[in-house]
Chemist: 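Would you mind keeping the following structure in view while I ask a few things?
Counting starts at 1 for both ligands and their atoms, in listed order.
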Amino acid sequence: MKVLVAGAGGMLGREVTAACHARRHDVVALARPALDITDPAAVERAISDYDPDVVINCAGFTDVDGAEDDEAGAMRVNDEGAALLASAAAAIGAKIVYISSDYVFDGSGQRPYVESDIPAPRSAYGRSKQAGETSVGVANPRHFIVRSSWLYGVGGKNFVETMLRLGSEQHEVLVVSDQIGCPTYTRHLGEALAGLVEDEEFGIHHIAGTGSCSWYEFAQEIFDQAGLECRVMAATTEMLARKAPRPRYSVLGTERRDPIALPTWRRGLAAYLAERTLEAAA
Ligand SMILES: NC(=O)c1ccc[n+]([C@@H]2O[C@H](COP(=O)([O-])OP(=O)(O)OC[C@H]3O[C@@H](n4cnc5c(N)ncnc54)[C@H](OP(=O)(O)O)[C@@H]3O)[C@@H](O)[C@H]2O)c1
């Protein structure tokens with residue numbers, strides 16, 4: 001199966017590319033300089049040059065706070081660019097994968113969000129992802145909309161890296177304890193996506209690390225597993241005053257009969273820390 005990965009230079013894009021190679025797919029991995037998904041001519045050219053069976057769109061405007069000041073910029077990539085790619089794929093009968101986010105939900109729920117729950121994003125980033133979901137769905141019937149959350153992995157700015165840095169520089173950190181979600185290792189998500197595209201289970205999929213925690217609990221687990229002596233102090237969302245509002249509860253569950261289950265978030269973290277150690281030794 002020929003797979004074109006857009007946004008292949010990003011944190012998830014790299015893992016998706018590696019996982020597709022591991023499954024012996026014929027992979028065309030295009031980072032932003034090779035394919036800007038907001039450029040209609042470049043999108044047309046890439047699709048006609050490579051003629052893929054499936055396009056996995058890992059490109060995204062991912063600066064959640066920055067999107068509050070540049071909603072048009074977020075829309076350009078997360079909605080308009082995503083739609084261009086989805087419709088170019090549709091024109092040749094190729095499947096499309098769009099990576100969406102738990103931030104499409106408002107976070108007022110009391111139980112894990114399932115695929116049929118109604119999005120109600122609170123942030124510009126969340127609105128751009130919801131718009132992208134709709135546009136991709138309209139542009140290409142052979143779509144997988146994969147909502148995931150709290151990603152961390154090799155080659156990206158992420159919470160685990162921030163905590164490891166702070167934990168080695170200072171004795172205590174302040175972390176929010178009133179936002180609950182599902183930390184997800186990009187390697188585990190990448191492997192799931194590489195398998196998902198082989199089938200025709202189109203529609204929305206919730207795929208995230210199994211289990212849930214607050215950022216506070218996640219930070220404690222990071223220090224425990226990494227063997228760092230750093231005290232975690234609980235803060236409220238209000239205390240840390242970020243520009244973009246975040247959902248308080250955005251745990252992703254699934255109502256699919258045969259869902260792809262990822263390892264627990266604690267096992268995801270252990271796998272990531274082991275990978276970092278290997279990379280440092282190489
Ligand atoms: N990170 C999370 O916690 C999270 C959670 C749920 C869903 N997601 C979604 O997962 C996807 C992958 O995110 P990630 O965490 O891997 O983020 P990332 O590391 O920021 O990767 C995003 C990639 O997209 C590229 N990109 C931006 N604009 C582009 C354009 N116009 N054309 C082509 N490429 C473009 C970026 O390139 P430059 O670096 O050169 O700008 C970057 O390489 C995104 O759709 C994101 O919304 C992320």
Side-chain angles (χ1 to χ4, degrees), residues 4-19 28-43 45-46 55-67 70 72-86 88 96-105 113 119 121 123-133 135-136 144-162 179 181-190 192-193 204-209 215 218 244 246-247 250-252 262 265 268 272:
L4 187 150
V5 182
M11 192 167 70
L12 179 62
R14 293 174 195 212
E15 294 289 359
V16 166
T17 300
V28 179
L30 302 178
R32 188 178 190 158
L35 174 60
D36 178 341
I37 66 163
T38 65
D39 177 345
V43 168
R45 206 167 39 244
V55 176
I56 306 183
N57 179 11
C58 295
F61 185 115
T62 55
D63 178 356
V64 174
D65 290 314
D70 185 14
M75 286 287 180
R76 216 158 24 248
V77 182
N78 294 344
D79 178 24
E80 294 153 33
L84 283 177
L85 209 47
I96 182 81
V97 180
Y98 179 72
I99 314 300
S100 190
S101 164
D102 56 327
Y103 284 16
V104 299
F105 295 115
Y113 286 95
S123 62
Y125 169 77
R127 286 190 290 277
S128 73
K129 297 306 287 188
Q130 185 195 8
E133 290 186 0
S135 299
V136 167
F144 304 91
I145 308 285
V146 177
R147 296 191 185 124
S148 194
S149 61
W150 295 23
L151 298 186
Y152 60 90
V154 173
K157 274 194 245 163
N158 63 65
F159 183 79
V160 180
E161 287 304 315
T162 304
Q179 291 171 29
C182 309
T184 304
Y185 180 26
T186 48
R187 174 149 310 168
H188 291 159
L189 179 59
L193 294 172
I204 300 174
H205 294 254
H206 285 184
I207 307 179
W215 290 111
F218 191 25
R246 265 91 171 154
S250 61
V251 176
L252 294 175
L262 299 192
W265 63 269
Y272 176 52

Chemist: Measure from atom 39 (O) of ligand 1 to the protein's non-hydrogen atoms and state whether any distance is below 4.0 Å.
Modeler: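 No, because not a single protein heavy atom sits under 4.0 Å from atom 39 (O) of ligand 1.
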Chemist: Would you say that C182 contacts V251 through its side chain, given a criterion of any heavy-atom pair below 4.5 Å between the two side chains?
Modeler: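 Touching, per the 4.5 Å side-chain cut-off.
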Chemist: Counting non-hydrogen protein atoms only, what is the nearest one to atom 33 (C) of ligand 1? Give residue, atom name and distance.
Modeler: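 Heavy-atom neighbour on the protein nearest atom 33 (C) of ligand 1: L35 O, 3.2 Å.
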Chemist: Does W150 have a heavy atom less than 4.0 Å from any atom of ligand 1?
Modeler: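 Yes, W150 has heavy atoms under 4.0 Å from ligand 1.
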Chemist: Between D102 and S250, does a side-chain hydrogen bond (donor to acceptor under 3.5 Å, both in side chains) hold up when you go through it step by step?
Modeler: CA-CA 6 Å; D102 56 327; S250 61; 2.7 Å; yes
Chemist: Has ligand 1 got any nitrogen or oxygen that is less than 3.5 angstrom from a nitrogen or oxygen of G7?
Modeler: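 No: no nitrogen or oxygen of G7 is under 3.5 Å from one in ligand 1.
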Chemist: Would a 4.5 Å heavy-atom cut-off, applied to side chains only, mark L151 and N158 as touching?
Modeler: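 Sidechains of N158 and L151: no contact.
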Chemist: Is it the case that the ring center of W150 lies less than 6.0 angstrom away from the ring center of F159?
Modeler: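 No, they do not, as the ring centres are separated by 6.0 Å or more.
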Chemist: For a side chain to side chain contact (heavy atoms under 4.5 Å, CB included) check, start with the C-alpha distance between K157 and M11, then their side-chain angles and the critical distance, and finish with the verdict.
Modeler: CA-CA 8 Å; K157 274 194 245 163; M11 192 167 70; over 6 Å; no
Chemist: Indicate yes or no: at least one non-hydrogen side-chain atom of V64 is less than 4.5 angstrom from one of R246.
Modeler: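 Side-chain contact under 4.5 Å: yes.
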Chemist: Does an N or O from G13, backbone or side chain, lie closer than 3.5 Å to an N or O of ligand 1?
Modeler: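 By distance alone, the answer is no.
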Chemist: Between Y185 and H188, how do the two ring planes meet: parallel, tilted or perpendicular, split at 30° and 60°?
Modeler: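 Judged by the thresholds at 30° and 60°, the geometry between Y185 and H188 is perpendicular.
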Chemist: Pairs of nitrogen or oxygen atoms closer than 3.5 Å, one from V77 and one from ligand 1: do any exist?
Modeler: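 No - when backbone and side-chain N and O of V77 are compared with those of ligand 1, no distance drops under 3.5 Å.
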Chemist: Hey, does T62 come in under 3.5 Å of ligand 1, counting only N/O atoms on both sides?
Modeler: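 Checking ligand 1 against T62, an N or O pair does fall under 3.5 Å apart.
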Chemist: To the nearest 0.1 Å, how far is atom 5 (C) of ligand 1 from its closest protein heavy atom, and which atom is that?
Modeler: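 I find the closest protein heavy atom is L151 CG, 3.8 Å.
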Chemist: Looking only at protein heavy atoms, which one is nearest to atom 31 (N) of ligand 1, and what is the separation?
Modeler: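 Residue, atom and distance for the closest contact: D36 OD1, 2.9 Å.
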Chemist: Taking only heavy atoms of T38 into account, list the atoms of ligand 1 that are under 4.0 Å away from them.
Modeler: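 So the answer, numbered in order with elements, is 31 (N).
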Chemist: With a 4.0 Å cut-off on heavy atoms, is S100 in contact with ligand 1?
Modeler: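 Yes, that is the case, since the closest heavy atom of the residue is under 4.0 Å from the ligand.
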Chemist: Tell me the nearest of Y125, Y103, F61 to atom 46 (C) of ligand 1, using heavy-atom distances.
Modeler: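 Ranked by closest heavy atom to atom 46 (C) of ligand 1, first place is Y125.
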Chemist: Can an N or O of R32 be found at a distance shorter than 3.5 Å from an N or O of ligand 1?
Modeler: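 Yes.
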Chemist: Check this for me - ligand 1, G60, N or O atoms closer than 3.5 angstrom, yes or no?
Modeler: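 By distance alone, the answer is yes.
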Chemist: N/O of K129 under 3.5 Å from N/O of ligand 1, yes or no?
Modeler: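 Between K129 and ligand 1 (N or O atoms, distance only) the closest approach is under 3.5 Å.
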Chemist: My understanding is that we take every heavy atom of each candidate and find the minimum distance to atom 15 (O) of ligand 1. Doing that for M11, R147, E80, which one comes out nearest?
Modeler: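 Closest candidate by heavy-atom distance is M11.
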Chemist: Less than 4.5 Å apart, any side-chain heavy atom of Y98 and any of E133?
Modeler: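 Y98 vs E133: side chains touch.
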